[in-house]
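First the structure, in the form of structure tokens, and then the observations on it.
In this text the structure is predicted, and so the values were computed from the model without any measurement. Each chain gets a letter, A, B and so on, in the order its sequence line appears, and its residues count up from 1.
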There are 2 protein chains.
Amino acid sequence: MVFSTTTQYALKILAYLNEHKEGLCSAKTLSEELDIPYKYLTKIMTKFTKNEMIESVQGRYGGFKLIDSKIITIYDILKLCDGDSAKDCIIGKIECNERKRCHYHDAWQKPRESIKKDFLDADLKGCISKES
Amino acid sequence: MVFSTTTQYALKILAYLNEHKEGLCSAKTLSEELDIPYKYLTKIMTKFTKNEMIESVQGRYGGFKLIDSKIITIYDILKLCDGDSAKDCIIGKIECNERKRCHYHDAWQKPRESIKKDFLDADLKGCISKES
DNA sequence: TCTAATTACTACTAAAAAGTAGTATTTGAA
DNA sequence: TTCAAATACTACTTTTTAGTAGTAATTAGA
């Protein structure tokens, strides 16, 4: 399965923030720890902040952190990074549903459901585990 | 879920060819019927032919058709269209497996398995159904 | 053998995604 | 109050993907 570079960066960043809930993480740290180009990272972070996916503190000793009360799903991340292209139809038909099906509707249904159920709709904080 | 434009074109083309097994389909027909830019389509078709995913007949009254004996999976199409980027790790880690897991390994496992099992490894001809 | 309709090939342009550069703004602490 | 270290902003460059243009090669049939 293919996810965009930006989405992959986003997932890595959120996992890192989730493991460092105390205090703030600077862009410099994130860039070095996660091997993401600094300038590209700061651009993403600003976008996340604007969309209230994370919290930022400006000025010296500033940085980024998760918002405790906020529930984030992978679906939210996909929507933000890849645009709202997380459509349900695999060949991108606008009208593709139970009544009017594309050629792949039935074949794609099960995996799609699984993704939605097990992954996209689950709180990120809950599904992130320790690396091993 | 997001699939590249090229992948979506490919899926549509193969579904159409599967519904028109008798005789050949010309690039012109495919382009018009499936609303795919003609020149872009011919480029893709040549690539498919070279990779022996379909068969082509040149010259007047020529065109394209499926190879009866050939089993094609969505995985094959992804590999051909999006490069060999259909990696198993959602954040693209080279070393991510049962022994060494990324943060999302467990969360991604079930949907990934479902995709592989129900979709990617299944013969395309079998999973394509009629539009409705 | 000539022609028209087709695929194959080569090279280009346009748009989108990824990455870079420089500067402005913010802010805690010396 | 000044400074250094951080985020925010604006604009650019590079790379990849999508799409276009023109021509060559192929081939069935008149």
[X] near the nucleic acid: base, sugar-phosphate alone, or nothing, with a heavy-atom cut-off under 4.0 Å?
| X | result |
| --- | --- |
| Y38(A) | base |
| S56(B) | sugar-phosphate |
| Y9(B) | sugar-phosphate |
| K50(A) | sugar-phosphate |

For the residue pair [X] and [Y], what are the closest heavy atoms and their distance?
| X | Y | answer |
| --- | --- | --- |
| L41(B) | S31(B) | CD1-N, 3.9 Å |
| K28(A) | Y38(A) | N-CE1, 3.7 Å |
| L66(A) | E55(A) | O-OE1, 4.2 Å |

Regarding [X] and [Y], is there a side-chain donor-to-acceptor distance under 3.5 Å anywhere?
| X | Y | value |
| --- | --- | --- |
| Y40(B) | T6(B) | yes |
| E131(A) | H105(B) | no |
| T7(A) | S4(A) | yes |

Bounds of contact between DNA chain D and chain A, in 5' to 3' order, using a heavy-atom cut-off under 4.0 Å: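 First-to-last contact on DNA chain D, by the 4.0 Å heavy-atom rule, is dA4(D) to dA11(D).
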Atom pairs, protein N/O to nucleotides 26-30 of chain C N/O, distance under 3.5 Å:
residue : atom : partner : partner atom : Å
dT26(C) : O4'  : Q58(A)  : OE1          : 3.4
dT26(C) : O2   : G59(A)  : N            : 3.4
dT27(C) : O2   : R60(A)  : N            : 3.3
dG28(C) : N2   : R60(A)  : NH1          : 3.4

From H20(A) atom NE2 to T29(A) atom OG1, the distance as rounded to the nearest 0.5 Å: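 H20(A) atom NE2 to T29(A) atom OG1 measures 9.0 Å (nearest 0.5 Å).
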Point-to-point distance, once rounded to the nearest 0.5 Å, from OG1 of T42(A) to CD1 of I36(A):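 One finds 11.0 Å between OG1 of T42(A) and CD1 of I36(A).
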Check: L11(B) main-chain N/O paired with Y104(A) side-chain donor or acceptor under 3.5 Å: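 Yes.
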N/O donor-acceptor pair under 3.5 Å between D123(B) side chain and G126(B) backbone: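 No, the answer is negative, given that no donor and acceptor are paired below the 3.5 Å cut-off.
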Residues D106(B), Q109(B); criterion side chain to side chain contact (heavy atoms under 4.5 Å, CB included); working and verdict: CA-CA 5 Å; D106(B) 294 343; Q109(B) 184 159 4; 4.2 Å; yes
Value in whole Å for how far the C1' atom of dG19(C) lies from CE of M45(A):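 Atom CE in M45(A) sits about 17 Å away from atom C1' in dG19(C).
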Between N or O atoms, less than 3.5 Å apart, protein on one side and nucleotides 12-17 of chain C on the other: list the pairs.
none

Phosphate OP1/OP2 of dT7(C) contacted by T46(B) side-chain N/O (<4.0 Å):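 Answer is no, no contact under 4.0 Å.
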